[in-house]
Amino acid sequence: MKILGISGTILGAKTAILVEAVLKEIKEKHPEIETELLDLRNIQMEFCDGRKPELYNDDTKNMIKAVSDADFYLVGFPIFNGSFPAPLKNLFDIVPPSVFRHKVMGFVANGGTYQHYLVVENQMKPIAGYFRSFVAPSYVYVNGSHFNEANEIVDEDVLKRIEDLADELVYMQNGLGRNK
């Protein structure tokens with residue numbers, strides 16, 4: 001069984017740190033689960049333009065394969081201007097929607113204010129619904145005050161929510177009874 005953590009931005013470090021924190025929690029409690037981080041900062045992803053997947057560059061094809069091979073997902077993203085970033089939208093456009101069908105999907109997000117947490121509710125959950133994914137009811141939203149100067153998550157409530165989300169994702173995946 002494999003969970004893919006997607007850090008859905010090409011800017012900054014906090015999103016990847018947040019995704020990695022949840023993946024680490026899963027790996028510590030469930031060493032049998034394979035965890036992988038897909039960090040869009042490290043990928044030369046081409047823009048979706050409707051061509052067949054095999055016609056994209058190697059990075060984009062490898063990204064499609066990584067997403068397709070996962071059993072469930074943790075999607076992380078920063079919130080810019082009240083929405084999620086274009087690279088994550090591009091990933092969702094390139095990967096065939098059927099890849100996400102009947103798979104568990106959870107979310108983590110970071111933003112500059114407390115108010116932007118609703119992007120998860122109002123934008124990401126409907127997209128996951130369109131994909132017919134099973135959406136984790138909880139998610140983790142953080143802002144800059146939850147990190148220290150070394151970009152470490154230090155807020156105890158956030159750390160507890162990370163632990164809870166990790167447990168929820170594994171519980172939901174196990175509930176599907178399709179574990180490999």
Side-chain angles (χ1 to χ4, degrees), residues 3-26 35-45 47-48 63 66-67 70 72-95 97 99-101 103-173:
I3 184 166
L4 180 66
I6 300 169
S7 179
T9 184
I10 58 173
L11 298 172
K14 286 182 174 65
T15 301
I17 291 166
L18 184 56
V19 171
E20 286 177 316
V22 178
L23 294 177
K24 180 181 176 200
E25 187 70 32
I26 289 171
T35 61
E36 181 182 347
L37 174 66
L38 177 66
D39 189 337
L40 296 187
R41 294 177 300 173
N42 303 324
I43 296 173
Q44 295 300 312
M45 177 178 34
F47 284 109
C48 178
M63 177 196 72
V67 174
F72 60 131
Y73 308 96
L74 172 67
V75 179
F77 57 96
I79 296 169
F80 300 134
N81 299 315
S83 190
F84 63 97
L88 181 57
K89 175 67 167 93
N90 194 49
L91 179 148
F92 287 147
D93 288 342
I94 288 175
V95 175
V99 165
F100 298 102
R101 189 178 196 88
K103 293 183 180 180
V104 174
M105 187 179 288
F107 300 105
V108 294
N110 55 290
T113 71
Y114 281 100
Q115 290 77 21
H116 284 116
Y117 72 93
L118 287 174
V119 171
V120 176
E121 290 290 339
N122 296 328
Q123 295 178 28
M124 296 309 293
K125 286 186 175 183
I127 290 169
Y130 168 77
F131 291 147
R132 301 297 188 253
S133 295
F134 300 114
V135 180
S138 63
Y139 52 88
V140 177
Y141 176 79
V142 301
N143 66 40
S145 70
H146 298 121
F147 293 84
N148 65 15
E149 299 80 28
N151 262 349
E152 299 166 321
I153 300 168
V154 293
D155 185 276
E156 291 299 320
D157 181 56
V158 169
L159 293 170
K160 175 66 171 124
R161 287 186 281 132
I162 286 169
E163 181 181 346
D164 291 346
L165 178 59
D167 290 341
E168 190 174 273
L169 288 167
V170 172
Y171 178 80
M172 289 180 69
Q173 179 64 24

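Everything quoted here is computed from the prediction, not taken from an experiment.
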Output yes when a side-chain donor or acceptor of [X] lies under 3.5 Å from a complementary backbone atom of [Y], and no otherwise.
X	Y	value
Q123	G82	yes
T9	L11	yes
N151	K14	no
K89	P85	no

Atom [atom1] of [X] and atom [atom2] of [Y]: how far apart are they, to the nearest 0.5 Å?
X	Y	atom1	atom2	answer
Y73	E36	OH	CD	11.0 Å
Y117	Y139	OH	OH	6.5 Å
D155	I162	CG	CD1	9.0 Å
M63	I6	CE	CD1	8.5 Å
N90	I43	CG	CD1	11.0 Å
L159	E163	CG	CD	9.0 Å

Using every non-hydrogen atom in the two residues, find where [X] and [Y] come nearest and quote the distance to one decimal.
X	Y	answer
V19	G76	CG2-CA, 3.7 Å
M105	V75	CG-CG2, 4.0 Å
I153	A21	CD1-CB, 4.1 Å
M172	A136	SD-CA, 3.5 Å
P87	M45	O-CE, 3.3 Å

Notebook entry, point to check: For residues N143 and S145, is any side-chain donor paired with an opposing acceptor at under 3.5 Å?
Noted result: yes
Within 6.0 angstrom of [X] [atom1], more than 12 heavy atoms from elsewhere:
X	atom1	value
F80	CZ	yes
N148	CG	yes
I10	CD1	no
K125	NZ	yes
R41	CZ	yes

Margin query: The test is side chain to side chain contact (heavy atoms under 4.5 Å, CB included); show your working for F77 and V108 and say whether it passes.
Written below: CA-CA 7 Å; F77 57 96; V108 294; over 6 Å; no
Margin query: Out of the candidates T15, L88, V119, only one should pair with P78 under the side-chain contact (heavy atoms from CB on, under 4.5 Å) rule; please name it.
Written below: T15
Next item on the list: Give the C-alpha distance, both sets of side-chain angles, the deciding distance and a yes or no for side chain to side chain contact (heavy atoms under 4.5 Å, CB included) between Y141 and N110.
Entry: CA-CA 6 Å; Y141 176 79; N110 55 290; 5.7 Å; no
Checklist line | Test side chain to side chain contact (heavy atoms under 4.5 Å, CB included) applied to D164 and S138, step by step | finding: CA-CA 8 Å; D164 291 346; S138 63; 5.6 Å; no
Next item on the list: Would you mind checking if E20 and K24 are paired as a salt bridge, meaning a charged N to carboxylate O distance below 4.0 Å?
Entry: no
Check: What residue among F134, F72, Y130, F131 forms ring-ring contact (aromatic ring centres under 6.0 Å, His included) with F100?
Finding: F131
Notebook entry, point to check: Please walk me through it: do L4 and L74 pass side chain to side chain contact (heavy atoms under 4.5 Å, CB included)?
Noted result: CA-CA 6 Å; L4 180 66; L74 172 67; over 6 Å; no
